[in-house]
Amino acid sequence: MALGFSTSAFAQDQAPSAGDVALARSLAAEGIQLADQGNCAAAIDKLQRAETLYHAPTILGRLGECQVATGKVVAGSENLQRVVRESLPAKPPKAFIDAQARAQKVLDSALGKVAKLRIHVDMPSGIKPIVKVDGESISLAALDVDRPADPGSHHVEASAPGYRAAATDTTLREGGTGAVTLKLEIDPGAGAVAPVPGAMSASEPPGQVGAVGTLPPAGAETKGSSKTMAYVLLGVGGAGLVVGSIFGVVALGKKTSLDNACGNDKNHCPLSAQGDIDSIHSAATGSTIGFVVGGLSAGVGAILLLTAKPATTGAAPEHPARASIQPFIGPRSLGLTGTF
């Protein structure tokens, strides 16, 4: 069998290894032998594997021929078209020339067997269904046109979220034309599902899409949502200022006690005053942190409150978040409790 492997190679995405070429030659020989024996069903797998490993018109042509013989007329015709239209090298091997001539002959008889199937899905505007023919998904661009199909029986189905699946069976004769219509109906148990945004029909008012579900107008905001964070930040700011003030008062009280114990010379304080010194440092730090956090939070909250946009929906007004703050002072601790 002359496959032409050693004489010429066609352009491929990546040069096959010597092992791939050897395996392709072996698989192709087995596939062609099966095809010559009339067992195209078994030959297809061998030929597909060989073509994947190494492209040659001698392989692809026999693959297309077997596909047509087993009823896969559309796939087989496309493979035969590739062989017929492929440009051969300047000095092609005779096996390649013979393969093109054989492919053309088989193609001429196969094209008349290709059937056509027109699929229509009755559905609300904006819905994008999943349509399958014999379990294989097809593009929505193939709807409502005569789509090439193999002769024989076909199972067509369509589905979409929120809708009952629809399915039907049809049988096409060789070279014949058929049509099926599937209707998608709302599934009450699935709940309303909004169609794809931007796919509304010209007759639908803004804010509505398709036949089910509604979407708010562009730019709509939930009333009160833009002010909630402002009130929260203002509450945090107030809490921070209260905490800073409390720690500041404590620090001033400790400083008075320390002045009485140490006098004017702060470098000769008694050991008993070390607790007051540590307390002053802690209180001063707490006061500083409280004033910084409180000032920043209050400032940001005020900016958000002043720049908040008015609500644009008809939803019931929401009460702004309020802060509840209560300071506490213990024998050895002080702090703040509250909710925001």
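One is the number of the first residue; the rest follow in order along the sequence. The figures that follow rest on heavy atoms only: side chains count, while hydrogens, waters and symmetry mates do not.
At a threshold of 4.5 Å between non-hydrogen side-chain atoms, the residues Gln67 and Glu78 do not count as touching. Looking only at side-chain heavy atoms (C-beta outward), Ile59 and His55 stay at 4.5 Å or farther from each other. Here the side chains of Leu88 and Phe96 are in contact, with some heavy-atom distance below 4.5 Å. Contact check for Lys94 versus Asp98: side-chain heavy atoms found under the 4.5 Å cut-off. Taking the side chain as every heavy atom from C-beta outward, Ile130 and Ser137 approach each other to under 4.5 Å. Side-chain contact between Leu172 and Ser153 is absent, with no heavy-atom pair separated by less than 4.5 Å. Contact of the Leu34 side chain with the Cys40 side chain is not registered, since no non-hydrogen atoms from C-beta on lie closer than 4.5 Å. Counting heavy atoms from C-beta outward, Thr170 and Leu117 have side chains that approach closer than 4.5 Å.
Taking every heavy atom of both residues into account, Leu80 and Gly61 meet most closely at CD2-O, 3.6 Å. Ala142 approaches Ile138 most closely through the heavy-atom pair CB-CD1, 4.4 Å. Nearest approach of Pro148 to Val74, heavy atoms of both residues: C-CG2, 4.0 Å. The two residues Gly295 and Leu241 come nearest to each other via the heavy atoms N-CD2, 4.1 Å. Looking at every heavy atom in both residues, Val83 comes nearest to Ala99 through CG1-O, 4.1 Å. When all heavy atoms are compared, the tightest approach of Ala158 to Leu184 is O-CD2, 3.7 Å.
Other residues, nucleotides and ligands place more than 12 heavy atoms under 6.0 Å from the CD atom of Gln37.
Tracing side-chain contacts under 4.5 Å through hydrophobic residues (I, L, V, M, F, W, Y), one reaches Val156 starting from Leu140; they form part of the same cluster. Placement of Met123 and Val133 within a single hydrophobic cluster is found when ILVMFWY residues are connected by side-chain heavy-atom separations under 4.5 Å, directly or transitively. Cluster annotation: Ile44 and Val68 are assigned to distinct hydrophobic clusters (Ile/Leu/Val/Met/Phe/Trp/Tyr, side-chain heavy-atom contacts under 4.5 Å, transitive).
Distance CD/Gln81 to CG/Leu60: 11.5 Å, rounded to 0.5 Å. Thr70 OG1 to Asp150 CG: the interatomic distance, rounded to the nearest 0.5 Å, is 8.5 Å. In this structure, Cys66 SG and Ile32 CD1 are separated by 9.5 Å, a value rounded to the nearest 0.5 Å. Atom CZ of Arg173 is separated from atom OG1 of Thr171 by 12.5 Å, given to the nearest 0.5 angstrom. With values rounded to the nearest 0.5 angstrom, Lys72 atom NZ is found 12.5 Å from Leu63 atom CG. If you take CD1 on Ile119 and OG1 on Thr181, they are separated by 10.0 Å, rounding to the nearest 0.5 Å.
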Would you be so kind as to tabulate the donor-acceptor pairs closer than 3.5 Å made by side chains of residues 104-113, with sequence neighbours excluded?
residue: Gln104; atom: NE2; partner: Asp108; partner atom: OD1; Å: 2.8
residue: Ser109; atom: OG; partner: Val106; partner atom: O; Å: 2.9

So Tyr163 and Asp187, side-chain contact (heavy atoms from CB on, under 4.5 Å) or not? Walk me through it. CA-CA 5 Å; Tyr163 292 82; Asp187 185 358; 5.6 Å; no
When you look at Asp169 and His155, which way does the side chain to side chain donor-acceptor pair (under 3.5 Å) test go after all the steps? CA-CA 5 Å; Asp169 295 306; His155 181 74; 2.7 Å; yes
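The existence of a salt bridge linking Lys46 and Glu30 is confirmed by a sub-4.0 Å separation between a basic side-chain nitrogen and an acidic carboxylate oxygen. Ion pairing between Asp20 and Arg25 fails under the 4.0 Å rule for side-chain N and carboxylate O.
Sorted by first and then second residue, the side chain to side chain donor-acceptor pair (under 3.5 Å) pairs with a member in residues 114-123 read Arg118-Asp146, His120-Asp144; sequence neighbours excluded.
The salt bridge (Lys or Arg N to Asp or Glu O under 4.0 Å) check on Arg147 picks up nothing, with sequence neighbours excluded.
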